[in-house]
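The next block holds one structure in the form of structure tokens; read it before the comments.
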Amino acid sequence: MILVGENINIMSQTLGPAMKERQAAPIRKMAQDEDTAGVDYLDLNIGPARKTGAELMPWLVQTVQEVSSRPLSLDTTNPDATEAGLKVCKGRALVNSVSLQPERLEKILPLVKKFNSEVIGLLWGVDGMPRDVNERCMLTVDLVYKFNEMGIPNEDIWIDPIATPVTGEISQVKACLEFFQMLPEIAPGCKSIVGLSNVSNGTPSHLRPWLNRTYLVMLERSGLYSAIADATDPELIAIARGLKPGTVSLIHKAMDGADIDTASLSPDEIKYVKTVRVLMGEALYSHAWLES
Ligand code: THG
């Protein structure tokens with residue numbers, strides 16, 4: 001599993017202000033921490049950054065490149081910021097992201113081509129969020145066609161079906177799982193990615209890792225190639241690196257509805273089993289899902 005560290009992010013309570021004030025030290029520290037944690041890419045998320053994005057993104061890229069040589073994912077909806085960031089990236093970048101909205105396609109795809117970047121194709125249609133797995137498949141076909149027309153080959157396209165919170169419609173959480181099983185047939189050679197922490201958005205922060213880790217294992221079983229994820233969770237990294245085969249097989253068993261004798265499990269193992277039940281839609285989510 002390829003991991004893209006999510007932590008350099010304008011929404012962060014500490015790094016958001018650091019970005020706005022161009023304080024390099026906290027950003028460098030986080031970049032170093034993510035690098036040491038062993039993620040493969042670093043996501044630099046500055047949000048819409050309408051006014052100052054074209055200065056902020058290159059500053060951020062250069063600040064991070066002082067301490068890490070990992071490839072970067074440039075995460076902004078401001079195309080001028082993307083372009084300014086691409087100009088100073090030392091390695092090949094991942095452009096996060098391009099959807100089917102015509103203005104995104106027209107502005108960003110030429111940059112992807114010009115800078116020979118990889119690109120995340122976000123399955124966000126002209127009418128917004130796809131409602132089910134079929135809409136995700138249709139959007140994929142359209143998107144890959146448009147990217148190919150611009151000369152971008154499938155192996156440089158990372159499809160993102162948009163992971164949604166467990167607190168919302170559970171059918172959407174399951175649609176992502178199903179989608180990754182179908183992707184190799186619909187778009188052979190394309191890679192895939194999700195914003196993993198989306199699934200735990202709105203849940204108590206100390207419990208988020210259980211949802212993130214469990215969903216990662218479930219998605220990987222469906223064929224997921226990569227995840228934008230929390231680099232500060234060592235257990236999540238260990239799972240993604242294949243160092244927790246016991247946890248993975250327990251989660252698979254729970255997905256298959258096998259009879260699991262919970263009396264023989266550790267408290268942490270019981271948490272994984274309960275979390276699978278919630279993510280599969282077999283138990284209703286509540287903030288107390290691990291206690292019941
Ligand atoms: N797909 C793609 N890109 C994405 C997403 C996606 N980029 C943004 C997001 N979704 C993935 N990145 C994050 C980054 C942080 C959090 C969630 C997703 C997060 N942060 C905590 C919070 O906001 O509460 C902690 C912030 C802090 O450090 O203070 O939840 O789906 N292509």
Side-chain angles (χ1 to χ4, degrees), residues 2-20 26-27 29-31 33-34 37 39-49 53 57 60 71-78 81-82 85 93-101 104 108 112 117-125 128-130 136 139-140 143 147 156-168 172-173 175-176 179-180 183 190-213 215-216 219 224-233 236 287:
I2 296 293
L3 292 177
V4 181
E6 73 179 12
N7 304 80
I8 300 176
N9 180 339
I10 194 88
M11 307 282 276
S12 151
Q13 295 199 351
T14 51
L15 298 189
M19 284 184 209
K20 284 176 195 139
I27 311 252
K29 168 81 167 63
M30 181 56 84
D33 288 351
E34 288 190 81
V39 296
D40 302 283
Y41 288 69
L42 303 186
D43 189 59
L44 307 184
N45 182 349
I46 63 167
M57 187 61 97
L60 195 56
L72 303 176
S73 156
L74 306 189
D75 193 350
T76 174
T77 45
N78 176 344
T82 304
L94 177 61
V95 171
N96 185 8
S97 58
V98 180
S99 62
L100 276 168
Q101 283 152 317
R104 297 280 306 153
I108 309 277
V112 172
S117 310
E118 300 185 87
V119 60
I120 297 179
L122 192 73
L123 300 185
W124 181 267
M129 182 77 194
R136 285 180 170 83
L139 288 172
T140 302
L143 201 71
F147 285 26
D156 292 341
I157 305 172
W158 302 35
I159 299 291
D160 182 342
I162 311 184
T164 60
V166 67
T167 55
Q172 288 281 35
V173 174
C176 277
F179 172 77
F180 289 119
L183 185 62
C190 283
K191 298 180 166 118
S192 57
I193 188 161
V194 290
L196 186 66
S197 302
N198 297 6
V199 76
S200 61
N201 233 320
T203 71
S205 57
H206 67 290
L207 299 178
R208 291 186 70 172
W210 295 104
L211 287 159
N212 298 343
R213 296 170 195 159
Y215 200 38
L216 183 76
L219 289 162
L224 179 68
Y225 171 77
S226 73
I228 306 173
D230 181 4
T232 69
D233 180 359
L236 179 80
H287 291 339

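Below, each value reflects all heavy atoms present in this structure, side chains not excepted, and no hydrogens, waters or symmetry copies. Whatever order the structure lists ligands and atoms in, that order sets their numbers, starting from 1. We count residues from 1, following the sequence as given.
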With only distance considered, is [X] within less than 3.5 Å of ligand 1 through an N or O on each side?
X    : answer
D160 : yes
T14  : no
D75  : yes
Q13  : yes
R208 : yes

Tell me if a side-chain donor or acceptor on [X] pairs with a main-chain N or O of [Y] at a distance below 3.5 Å.
X    : Y    : result
R213 : R208 : no
S12  : T14  : yes
R136 : P161 : yes
Y215 : V173 : yes

Write out the residue and atom name of the closest protein heavy atom to [atom], then the distance separating them to 0.1 Å.
atom                    : result
atom 13 (C) of ligand 1 : E6 OE1, 3.4 Å
atom 8 (C) of ligand 1  : N45 ND2, 3.4 Å
atom 14 (C) of ligand 1 : N9 ND2, 2.7 Å
atom 10 (N) of ligand 1 : N198 OD1, 3.2 Å

Short list, please: which atoms of ligand 1 are under 4.0 Å from a heavy atom of G195?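 In order of numbering, the contacting atoms are 6 (C), 31 (O).
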Can you name the atoms of ligand 1, numbered from 1 with element, that are less than 4.0 Å from a heavy atom of N96?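 Within the 4.0 Å cut-off of N96, ligand 1 contributes 2 (C), 3 (N), 32 (N).
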For atom 23 (O) of ligand 1, is the nearest protein heavy atom under 4.0 Å away?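 No, there is no protein heavy atom closer to it than 4.0 Å.
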Could you tell me whether atom 4 (C) of ligand 1 has at least one protein heavy atom nearer than 4.0 Å?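 Within 4.0 Å of atom 4 (C) of ligand 1, protein heavy atoms are found.
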Indicate, as side chain, backbone, both or neither, the part of [X] found under 4.0 angstrom from ligand 1 when only non-hydrogen atoms are considered.
X    : result
S12  : both
L15  : neither
I162 : neither

So among [options], which one has a side-chain contact (heavy atoms from CB on, under 4.5 Å) with [X]?
X    : options              : result
S226 : L3, I193, I120, D160 : I193
M57  : L74, N78, D75        : L74
V112 : L94, V95, T82        : V95

Looking at side-chain heavy atoms only, is the closest gap between I159 and F179 below 4.5 Å?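 The answer is yes; the side chains approach within 4.5 Å.
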In sequence, state the C-alpha distance, the side-chain angles, and the governing distance for L122 and I162, and then conclude on side-chain contact (heavy atoms from CB on, under 4.5 Å). CA-CA 7 Å; L122 192 73; I162 311 184; 3.8 Å; yes
Taking atom types as modelled, is there a side-chain donor on D230 or N7 under 3.5 Å from an acceptor on the other?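 Yes.
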